[in-house]
Amino acid sequence: MRKSLREIFKTLFLVLASVNLGISSEMLPLGIIFALGFLYLHWRLEKPTPLYKKRFAYGAIVPFALWWVVTPEVENGISPYVVFIPAWYLLTLAWLQKRSLGRGGFEAFVIFDGVAALLLGMFQAGRAGGILGAVGILFAILAYRRTKTAWYKYGLFLLLIAFFGFTSFGGWQYWKSHRSYDGRWARDYMERNRVMGFDPVVSLGSFSNNYSSRYNRQVILRVWDKDAPEYLRAAVYEKYLGNIWKLPAKPEQKLYPAYYRIDYPVFELVDSSTRRENVRTVWVQSAMDNFGFLFAPFNALGVAAKNADSLDFYKTGIFAGANGTHGDWYYFVGDSDDGTSRQTAFDEGDSVYLQMGKSHVAFVDSVAKAMDLPRRDSLLDSLSDGSYERAILTAIRDYFVQNFKYSLVVPGARENRREPLRAFWNAKEGFCEYYATLSVLLLRHQGIQARYVTGFAHPERIEGRDYVVFRRHHSHAWVEVLWNGRWYSFDPTPPMRSGLFARTSGWQSWWEGVRGRFARIFHLLKEGEWRRMVDDWQATTQGLLDNPLVYGIPFLLLLVILVRSLLKRNRHRDRQKTDLCAQKWVRSLDRAEKILKRQGFVRGPGETVGAFLVRIEPQVTGSGDTLSALESLREYEKHRWKK
């Protein structure tokens, strides 16, 4: 039977969807099988259409779910199987619906499943896939368009497509023509995707971009801990040379995973320290990359970074080298926190924390005299209870609070780039970097070991929320001081003026809560403990797949089903033969009775053929037709009821 043009377009649309999905998912043989299946449905010759059975559609979920479980994971990205497996399932549903159109299958579901499979097949598609997808959409429009539609509606549709296409093309051309001649796009990209001040080498004043940018209210970190720390460290620097802070020259050691928390290798300083009692696991989510560091409080026992094979550990207790692309990680802290850092073999005093460049000595000495800081040869030096250190810290903080003010701008710093600290001292205003840097140099000048720390501080806390938020303008610099053999945090920056940063509105707070809850839900779905069971199941299924019995048992079941089907078919064939034989004898009896009726011999109601034959046989005489009819009755009575 000749097919209409519309039917041809429908089949071509489904064939292209199959081939396109096969190319995109790198399973072209499977795509060809589906394409042949749709071509078979188009050209099938048998008239009866099979009934649509839902158990086939629901039962198909099982193999696709198993396929999902045994698929390999992908590092640093979304596995394409998340898209392709549902697409193959939808294509299967489209074939089942198409197979049973008019008997439980509906054209609307064929359209929906086919278009969905076609669009999902565009994921990661190359040029060939893009062309096939576009042609497939064109065939779908031609196949399923409504008849008697006004021409201007098609025109409006084409104009809309053309408008969006030209808009996209024009925007791309503008970007391509301007990116090499105007540096604004690069600066905007850096502002949007980077927070300054967390690098192996940082210059004094680099934090200003975090406060002056239009993105300074952007949420950078969410720390999922109701008792989140006030200070979250990123980097701890040791040397200040030429107005630049530098990390230690090389990491103290290379850390390797102690064990795995699902996809997160756990890095510890002491074996299994995070498995001890009263150790809390805190998840940190970053809106951008982690700037090369894993942010953690100074008392962290260890960290866990997804897909990292090793981390650099510095003697200052910081973790770095996680490729700078991980958007989330964990840190582990004990329940009892006395406010001091954990002590390790690498976290001890070092003469480097007393060093400062020769060019700064005279200036720092004059500042110490202006602050009237006590010297080591004073009476306080003879005390061993830390009174000397306490007196120095109190004097520095009090002086800054009484004589300085917090400001996002340091007057004269740009004009005096070679000596920004001197400009800060003369202007008596500035932000955290300047206070922390000058405090470190003053403490070292007074013989107290100190180091410069960067990170985030003073997070945004909202009652009832399970996490705290660090925004871009929460980036901060402070000081760590060695006091009585342990390191303590010291923040010399005076309180900032009220209203310096815009407050979070009720709408912004509500929207952040929604985003935070969604982030938590997706995190639990993607990285929750249930994944451990899935991983165990994946290992089990892999072991099962290596067992020959797994293939033998289905083969035997298939063989049993095949034998049963053959036996059933043979029984059906025998039944058909019996029915044909019965029909033949009924026709023979009917023909014989008609001939005898013309001779006046009629079988009475309820009279059997045998009784009728006995009654009329002595009376029958005449032509050959009558004798032939009589012989038919004898044959009927003799052979009709034999098997």
Side-chain angles (χ1 to χ4, degrees), residues 1 3 7 10-11 14-15 17-19 21-22 27-70 85 88-107 109-110 113-114 117 540-589 635-636 638-643:
M1 184 175 67
K3 301 288 185 178
E7 289 297 324
K10 290 178 181 179
T11 301
L14 294 169
V15 167
S18 304
V19 175
L21 183 56
M27 298 177 186
L28 185 56
L30 185 58
I32 292 175
I33 291 173
F34 269 95
L36 293 175
F38 286 115
L39 288 174
Y40 162 75
L41 295 179
H42 181 79
W43 293 110
R44 63 183 174 185
L45 299 176
E46 66 271 18
K47 292 183 179 180
T49 300
L51 185 66
Y52 180 77
K53 297 180 180 179
K54 293 183 179 179
R55 63 173 178 268
F56 290 150
Y58 296 148
I61 296 175
V62 176
F64 282 100
L66 291 176
W67 184 11
W68 185 300
V69 170
V70 299
I85 293 177
W88 286 116
Y89 177 66
L90 289 170
L91 205 58
T92 303
L93 294 181
W95 189 88
L96 291 173
Q97 291 280 346
K98 183 78 172 176
R99 173 176 170 267
S100 303
L101 283 178
R103 297 201 64 195
F106 294 94
E107 195 79 69
F109 292 119
V110 177
D113 295 331
T540 303
T541 53
Q542 188 62 43
L544 289 173
L545 291 175
D546 295 335
N547 191 335
L549 290 176
V550 174
Y551 304 98
I553 293 174
F555 176 76
L556 291 175
L557 290 174
L558 184 61
L559 187 61
V560 169
I561 293 172
L562 182 62
V563 171
R564 184 181 175 187
S565 176
L566 290 174
L567 292 175
K568 186 177 180 180
R569 181 173 295 180
N570 288 334
R571 287 196 300 269
H572 181 66
R573 189 175 300 164
D574 292 341
R575 190 179 300 113
Q576 284 184 329
K577 288 181 179 179
T578 303
D579 293 341
L580 290 173
C581 183
Q583 292 174 11
K584 184 187 73 172
W585 286 112
V586 168
R587 287 196 298 269
S588 174
L589 177 63
E635 291 293 321
Y636 181 89
K638 182 178 179 181
H639 299 288
R640 168 65 184 87
W641 304 108
K642 288 184 178 180
K643 291 185 178 180

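What you are looking at is a predicted structure, and each value in this text was computed from that prediction instead of being measured.
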* Structure fact -> When rounded to the nearest 0.5 Å, the distance separating CG of Leu90 from CD1 of Ile85 is 12.0 Å
* Main-chain N/O of Pro50 paired to Ser100 side chain as donor or acceptor, under 3.5 Å -> yes
* Tyr58 OH to Leu93 CG distance, which is reported to the nearest 0.5 Å -> 10.0 Å
* Contact summary for Tyr89 and Ala60, nearest pair of heavy atoms -> CE1-CB, 3.9 Å
* Measure the CG-CG distance between Leu101 and Leu96 for me, rounded to the nearest 0.5 Å. => 11.5 Å
* What pair of heavy atoms forms the shortest contact from Gly114 to Ala17, and how long is it? -> O-CB, 4.2 Å
* **Val110 versus Gln97, closest heavy-atom pair with distance** => CG2-CB, 3.6 Å
* Say you draw a straight line from CD1 of Ile33 to CG of Leu28; how long is it, rounded to the nearest 0.5 Å? -> 10.0 Å
* Under a 4.5 Å cut-off applied to non-hydrogen side-chain atoms, are Phe106 and Tyr52 in contact? -> no
* Can you find a pair of side-chain heavy atoms, one from Trp95 and one from Leu41, that are under 4.5 Å apart? -> yes
* Asked: Would you say Ser565's side chain and Ile561's backbone share a donor-acceptor pair under 3.5 angstrom?
  -> no
* To the nearest 0.5 Å, what is the distance between NZ (Lys10) and NZ (Lys98)? -> 6.0 Å
* Any side-chain heavy atom of Thr92 within less than 4.5 Å of one from Phe64? -> yes
* Structure fact -> NE2 of His42 to CG of Leu36, rounded to nearest 0.5 Å, is 14.0 Å
* Minimum heavy-atom distance Phe34-Ser18, with the two atoms named -> CB-OG, 3.6 Å
